[in-house]
Structures are given as structure tokens and as C-alpha cells.
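Notes for the one structure printed next.
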Amino acid sequence: MRYDLVDLRVFLAVLDEGNLSRGAQRCNLAPSSVSQRIRQLEDALGTPLLERNREGVSPTPAGTVLANYARKSFELLEQMHADMLPFSAGMPGRITLFANTNAVNSFLPDDLAIFFKHHPSVRIALEEKNSHDILAAVADRRADVGIVALQANHKELAFFPYRDDELVVLVPLSSPINKDRPVRFEECLREPFVNLQRGAAINAFLLSHAAALGATLDIRVHVPGYRAIAHLVASGAGVSIVPRSVVEKEDEKRLAMLPLAEPWAERNLRICVRQDAPANHHRDELVRILVECAAAATTAA
DNA sequence: TCCAATTGAGGCCCCGATCG
DNA sequence: CGATCGGGGCCTCAATTGGA
């Protein structure tokens, strides 16, 4: 690579100012120095990055693409520095935790709060993914710990029981759906859906089951959380399929919660880690506390 | 003529190689 | 292992170019 981060910073400064001289001033350099750097950058990339004109400079299409990449790169660098901070401050421990929608929105927040009480210095990068992606990520060491709703085993992973949950159907009280028996997924597909926002792992999960029936979900609205889903279903906007654990007592007065008559409605959550993962006290502590929380909840129930 | 970009010359500093 | 030297990179300054 015949250019460096300084070149990219200078390039962005010039673009932001729309003027090479002011860009140079912002970087505490002479305009000639900036001109030279940008010329070298253009030579290295083999394409002009700036249109020079009377008023200053503007990006070429290639310059716009480079600027986007450069900005993303600097954002990533900022993130990297932020992530390194705990280490430089003498705080060892950062755990990457991937969990499915169900866990992220129900049990996990309370259980993590307990973990943080015991380990306030540990940082957790929590990401919501679907269970298949989580298994792959833990197996590939991209995640330290996963929480999945898959019963399939994986030869490189160890599993611990977490929580038992199930998917239920939320329908308005006025819905024509028979509320005296479990509902088949096929019946739900006749109604418009109220779903979590795009990207939520549960959406892909439901879409794949609809596709297996040769159908698709008629999604009337995407909303940011389960509270909004409950409100919209109660007001008659459509039906939804959610984990039982996210439905609150007060919701049950405003809408009907029906069992889903599908084998995949059972959502028995499990914690997974790599069997051969190197020793990591904080990861082991996280798993221990999650398992204990789950056991305590089962006993209380 | 003005203003912004570019070019060329020269200086400074860093780094690697060499030598005692 | 420290001192010295030379090359390369990067900088600034001054002059030049080019377009409106």
C-alpha cells in the first residue's frame, strides 16, 4: 500500500472544506504538501479523486467512493480504540455474546444485570442473530458465547440449558381466529402481520417457515419492539408471533394470546461455547451466572 | 487581476547500514 | 554498543500555471 491513514485524513479534510488550501490549514500542512499527498494517493489508486476548479475541489465518482470507505475505516478505528480502552485501563475482559431475538428481548437483560453486579469491569458486545448464525459464529470463534433455540448439536460446541420458552400467537380480541384451541401457522398467514423491524432474527425465522408452506408473510408494519407489537395487535392492526416471555400480564387483558400448534414453536434456549476455547475467567463466569439464573427461575416457577 | 492548485528547490528528520 | 553517514520521505517557501 503506497498511502497511509494521514493521506486519507487529508483527503477527507479537503473534501469537507471543498478547498485544498483550507483542507491543508485544517491539517496544519502547507497546501503544496496536501496537493502532493493527494496526487500520490491518486497515483496509488490509479484514478483521479478530485475535480480541480476555480472555486476549489469536488470529488470525482471514485473520490466519493473512496471518501465513503475512508469514513467507515475511521469509524472502525474509533471503535477499535474504544474497545482497546478497557485493556489499557487495566480492565481485562471483553466478551462477545450472540443471542437470538427471544433471549435478547426477554431473559437476558435481567441476567446480564446480575452478571454486571459481580463483574462491573467486564464489557460485553451483545449482538442479536438467528440461531444458525450464532452456532457458526461460536464455532468460528467470532463469538465467545451464544444463546440459541436449536436442539441440533455441534461436535465442537458444549451446550448448557438456559430457559424454556415458546412462540405464541397474539391476535386482537375481535379476531375471527378460533381462540379455543392452538393455532396453526398456516391460519395466521391469512392475517396481516405486525413484526419487529427489519433485520430482527425472528423475522427471517418466520419467513423461512412461511416459505416452507409456499407462502409469505403479509407484513403490515415493522415496529421497534415487543411493546409496540402488543399495542398494535390490541388495536386490531394484525396478528403477531412472539415469545411467550415478552408478553406482559396487562397485554393479556387487551389481546388474545394463543398457543402456536407447530413443533418449532417450542423455544428451548441453550447456551453454547466452544469445547476447546482457551481459558477465560470472565466467559466462564458469564456462563455460570446465566445457568444459575435459569436454574433459579425454574425453581421459582 | 485574483485566487486556488501545482511544481521545483532546498532543508530537516528519521532510519538503516557501516565502522571503530 | 555508540557514532557517523547517506538515502529517502516529508515538509515549507517561492514561483508558476490556469481559469473565471
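Everything quoted here is computed from the prediction, not taken from an experiment. All chains are named by letter (A, B, ...) in the order of the sequence lines, taking the proteins before the strands, and each is independently numbered beginning at 1.
At a non-hydrogen distance threshold of 4.0 Å, A:N19, A:L20, A:S21 from residues 8-27 of chain A come into contact with DNA chain B. For DNA chain C, the residues of residues 28-37 of chain A within the heavy-atom distance limit of 4.0 Å (strictly under) are A:N28, A:L29, A:A30, A:S32, A:S33, A:R37, sorted by number.
A side chain to side chain donor-acceptor pair (under 3.5 Å) check over residues 9-27 of chain A, counting only residues at least two apart or in different chains, returns the pairs A:D16-A:R26, A:D16-A:R71, A:E17-A:R26. Applying the ring pair (Phe, Tyr, Trp, His ring centres under 6.0 Å) test to every pair with at least one member in residues 121-165 of chain A, sequence neighbours left out, gives no pairs at all. Among pairs with a residue in residues 210-222 of chain A, none fulfils side chain to side chain donor-acceptor pair (under 3.5 Å), at least two apart in sequence or across chains. Residue pairs that meet the ring pair (Phe, Tyr, Trp, His ring centres under 6.0 Å) test with at least one member in residues 236-279 of chain A, sequence neighbours left out, are A:F185-A:W264, A:F205-A:W264, A:H209-A:W264.
For A:R52, a side-chain nitrogen or oxygen approaches OP1 or OP2 of B:dT6 to under 4.0 Å.
Between A:L15 and A:A67, the shortest heavy-atom contact is CD1-CB, 3.5 Å. Nearest heavy-atom pair, A:R254 versus A:A234, reported as atom, atom and distance to 0.1 Å: O-CB, 3.8 Å.
Axis angle, first five pairs versus last five pairs of the helix from B:dT1-C:dA20 to B:dG20-C:dC1: 10°, rounded to 10°.
A:E186 pairs by the side-chain hydrogen bond (donor to acceptor under 3.5 Å, both in side chains) definition with A:R184, not counting sequence neighbours. Annotation: side-chain hydrogen bond (donor to acceptor under 3.5 Å, both in side chains) contacts of A:D133 (sequence neighbours excluded): A:N130. For A:S245, the side-chain hydrogen bond (donor to acceptor under 3.5 Å, both in side chains) criterion is met by A:S106, A:D165, not counting sequence neighbours. For the ring-ring contact (aromatic ring centres under 6.0 Å, His included) test, residues two or more places apart in sequence or in another chain that qualify with A:F115 are A:H119.
Think of the region where chain A sits on DNA chain C: with heavy atoms and a 4.0 Å cut, that region ends 5' and 3' at C:dC10 to C:dA20.
Using modelled atom types and a 3.5 Å distance limit, the side chains of A:T101 and A:E128 yield a donor-acceptor pair.
Looking at A:R39 and A:E42, a side-chain N of the basic residue comes within less than 4.0 Å of a carboxylate O on the acidic one, giving a salt bridge.
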Using the side-chain contact (heavy atoms from CB on, under 4.5 Å) rule, take A:V148 and A:V138 through it: C-alpha gap first, then chi angles, then the decisive distance, then the call.
CA-CA 11 Å; A:V148 298; A:V138 176; over 6 Å; no

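Counting to the nearest Å, the P atom of B:dG8 and the CZ atom of A:R39 are 12 Å from each other.
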